[in-house]
Amino acid sequence: MGALKPWHIAVLVVVLILLFGAKRLPDAARSLGRSLRIIKAETKSLQDDDRDLAEKADAQAGYQPLPPHAGQQAPYTGQPQQAPYQQPVVDPVHRGRDN
C-alpha cells in the first residue's frame, strides 16, 4: 500500500491525456519547467541579497572613524559644536520670564 505500481502511472497518464489533450500536455510541462526555473533563480537571488547584507553589516560593525588631522574638521557628531568663548544661545521668551 502506498507504493506506486506501473499500472498506477499508466492510469494517471491516460487520465491526464483525456483531461488536457495530447497537444496541451507538452506546453503545460514546458511552462511548469519555466516557472520552476524562475522560482529557483529568485530564491537564489534572495539568498545572495541576504548574504550581501550580512557581509555589509559585519564590515560596518568594525568601522571606526579616523581621528582628525591638523587643518581638518572633526566629523559630524550630531551635536552643534561651539567654541569655548561663545555663550550659549538663550531663547528670548525664557529670558524675559527670568527678569
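Note that the structure is predicted; figures quoted are calculated from it, not measured.
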Engineer: Could you give the distance from CG (L16) to CZ (R24), rounded to the nearest 0.5 Å?
Structural biologist: 12.5 Å
Engineer: Would a single hydrophobic cluster contain both I38 and L46, if residues Ile, Leu, Val, Met, Phe, Trp and Tyr are joined by side-chain heavy-atom contacts under 4.5 Å?
Structural biologist: no
Engineer: Let me confirm one number: the CG-CD distance from D49 to E42, rounded to the nearest 0.5 Å.
Structural biologist: 9.5 Å
Engineer: Going hydrophobic residue to hydrophobic residue with side-chain gaps under 4.5 angstrom, can you get from V11 over to L4?
Structural biologist: no
Engineer: If I take atom CD1 from residue I17 and atom CG from residue L12, how far apart are they, to the nearest 0.5 angstrom?
Structural biologist: 10.0 Å
Engineer: What distance do D27 atom CG and L32 atom CG have between them, rounded to the nearest 0.5 Å?
Structural biologist: 12.5 Å
Engineer: Please find the pair of heavy atoms, one from A22 and one from P26, that lie closest to each other, and give the distance.
Structural biologist: O-CD, 3.2 Å
Engineer: Taking a hydrophobic cluster as the set of Ile, Leu, Val, Met, Phe, Trp and Tyr residues connected by side-chain heavy atoms closer than 4.5 Å, whether directly or through intermediates, do V14 and F20 fall within one such cluster?
Structural biologist: no
